[in-house]
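Only one structure is covered here, and it is reproduced in the block below.
A note on names: the letters A, B, ... follow the listed sequences, proteins ahead of strands, and every chain is numbered from 1. The structure displayed is predicted, hence computed values, not measured ones.
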Amino acid sequence: MEEEEDKGKDAERARWYTDVVIQAELADYSPVKGCMVIRPYGYALWENIQRALDQMIKDLGHVNAYFPMLIPESFMTKEKEHVEGFAPECAVVTHGGGKKLDEPLFVRPTSETIINHMFAKWVQSWRDLPLLINQWANVVRWEMRTRLFLRTTEFLWQEGHTAHATEQEAEEEARRMLEMYKDFAENWMALPVLTGEKTAAERFAGAVRTYCIEGLMRDGKALQAGTSHFLGQNFAKAFDIQFQSAGGGLEHVWQTSWGVSTRLIGALIMGHGDEKGLVLPPKLAPYQVVIVPIYKKDDEKAVVTEYCRKLVSMLKPLVRVHFDEREQYTPGWKFNHWEQKGVPLRINIGPRDVAANVVEIARRDTGDKLRGVSEHGLDAEVVKLLDIIQKNIYDKALAFRTENTKQIADFDGFKKQLDTANCFIESHWCESAKCEASIKEETKATIRCIPFDWEKTPGKCIYCKGDATTRVVFARAY
RNA sequence: CGGGACGUGGCGCAGCUUGGUAGCGCGGUUGCUUUGGGAGCAAUAGGUCGCAGGUUCGAAUCCUGUCGUCCCGACCA
């Protein structure tokens, strides 16, 4: 019975998510199963994410390049674990120009192989290192089950690939980029994330260690929002990336790779959204402010429109502002429309406001309406409010995560918690893959990460009750 | 690949049980009245009912097959 209810709720949430994506005009279904069309509003959001991240990546010394989408089959098979991990979900081109190809071409599921093939040519000396490359690209992974933004057959992402002279330098790079992702998630997306290391079971195919940022969505499920891998010398050996060291010897490089994808948009939706639809962080919102004019007669329309235009030109240098002049919709319709789309601030302007040289400002995050805000200094007021909203939705998300993170020591309590509500669960774990697998089997919860810098404390494994000092975060995940 | 649901104007659906030649809401167009929280009235356009077979005098409806989509599971960012 309870299970039935849970299923009902889950289905409702799945429906809510899909509805938000479609109604906010972020994306639409494509004719090909599992693919999606990113619509202008969704793409504008992605462009803002891209712009901010791209700058952060460059500020850390990386440069952008572009590698081809088609990869020779032989490349894919060079690194054993990599091929085992990815081969089942790859799309393969077998024909071209009307003929069967001699060697099938893999559509990249990620670009380690092709990039490392090139790295082998480019790296000769320790003086060529570190090599710090990023690319913005699409990748294809043939998923069994897809969801808009969260898991699509084709998705857009950024993938960084670096090569270093020493193990320590590569390790530091992997950690540094993870910190960059955390910074981005928290300061731009307003989503608090945990940073930590993945267990062997969750590790990237071909990596020595995988680090991740994990967010908690409003339904209590975890979402891996970004990953950073320390690849060791696995690919360097498979692709023969060697350099002559200062000491004269030949050595394999040490590498990293790291990426975030259009899944981040899914994180935004599920991390901040409410019953009215999207709630976007001001720093990333395509429109930070939308102005809705209100009028009855033509003479009112003229006056209101002129006033609105004046305010638009006042705000334009400072914020992304949109004046919704459409005449086929009523103000009430527009209020709902822009709320669904998550616009942080809406300015309503009618004849009364014009007469008094004021505006009405509605906040999306709280629903508050500020009446009679003076036109004088409005630009500063808007900037201030956007800052407040950015901070407020972060605080809300953080409070939500704190409330929904439980420390649990016994497996019965663990199961009971997940039956009641999804959340982050902190527990001891004995580090055996067997316990991890059994827990997943019985509860669908996985170890999201082994957080960095958590003190080792004596305890008992949540599953086998054996001695354990490592505490980890469990959750059901997307 | 398993389990469930569903394919009918642009979108959302009814009609199917009990066969008789397709209807509702939204949207579109035109006109008038409206506009501070999803406007009203009137007129108007728009559909070989996913596809292919079959049963029948007659199929959206019954049968068989097939394709596709969504939701739930196994795989994954």
Look at the side-chain N and O atoms of Lys301(A) and state whether any lies under 4.0 Å from the OP1 or OP2 oxygen of U34(B). no
Roughly how many Å apart are A60(B) and G9(B), using the C1' atom of each and rounding to a whole number? 14 Å
Reckon Lys444(A) touches a base, only the sugar-phosphate, or nothing at all at heavy-atom distances under 4.0 Å? sugar-phosphate
Which is true for Glu300(A) with a 4.0 Å heavy-atom rule: it touches a base, it touches only sugar-phosphate, or it touches nothing? nothing
Between Thr330(A) and G38(B), does any side-chain N or O lie under 4.0 Å from OP1 or OP2? no
Could you tell me whether Asp219(A) and Arg476(A) have a side-chain N and a carboxylate O separated by less than 4.0 Å? no
Interatomic distance at P, A14(B) relative to C6(B), whole Å: 9 Å
Whole-angstrom distance between C70(B) and G38(B), as gauged at atom C1': 27 Å
Can you say whether a donor on the side chain of Asn348(A) sits under 3.5 Å from an acceptor on the base of G36(B), or the other way round? no
What about Lys369(A), does its side chain sit under 3.5 Å from the base of G37(B) through a donor-acceptor pair? yes
Could you check how far NE2 of His337(A) sits from C1' of U35(B), rounded to whole Å? 17 Å
Parallel, tilted or perpendicular, judged at 30° and 60°: which one describes the rings of Trp188(A) and Phe184(A)? parallel
Looking at Lys80(A) and Glu84(A), does any basic side-chain N land under 4.0 Å from a carboxylate oxygen? yes
For Pro351(A), report the nucleic acid contact type (base, sugar-phosphate, nothing); a contact means any heavy atom under 4.0 Å. base
Heavy atoms only, 4.0 Å cut-off, all strands: where does Gln224(A) land among base, sugar-phosphate and nothing? sugar-phosphate
Taking A39(B), G37(B), C75(B) as options, the one with an atom nearest any side-chain atom of Met144(A) is C75(B)
Contact class for Thr152(A) (heavy atom, under 4.0 Å): base, sugar-phosphate, or nothing? base
So Phe204(A), base contact, sugar-phosphate only, or nothing? Heavy-atom distance under 4.0 Å. nothing
Expressed in angstrom and rounded to an integer, what is the separation of Ile347(A) atom CD1 from G36(B) atom P? 19 Å
N/O donor-acceptor pair, side chain Arg371(A) with base G36(B), under 3.5 angstrom: no
Do Asn392(A) and Lys396(A) have side-chain heavy atoms sitting under 4.5 Å apart? yes
Check: His322(A) ring centroid to Trp338(A) ring centroid under 6.0 Å: yes
At under 4.0 Å between heavy atoms, what does Thr18(A) touch on the DNA or RNA strands: base, sugar-phosphate, or nothing? sugar-phosphate
Just call it for Leu150(A): base, sugar-phosphate, or nothing, with non-hydrogen atoms closer than 4.0 Å on any strand. base
From OH of Tyr29(A) across to P of C6(B) the rounded distance in Å is 18 Å
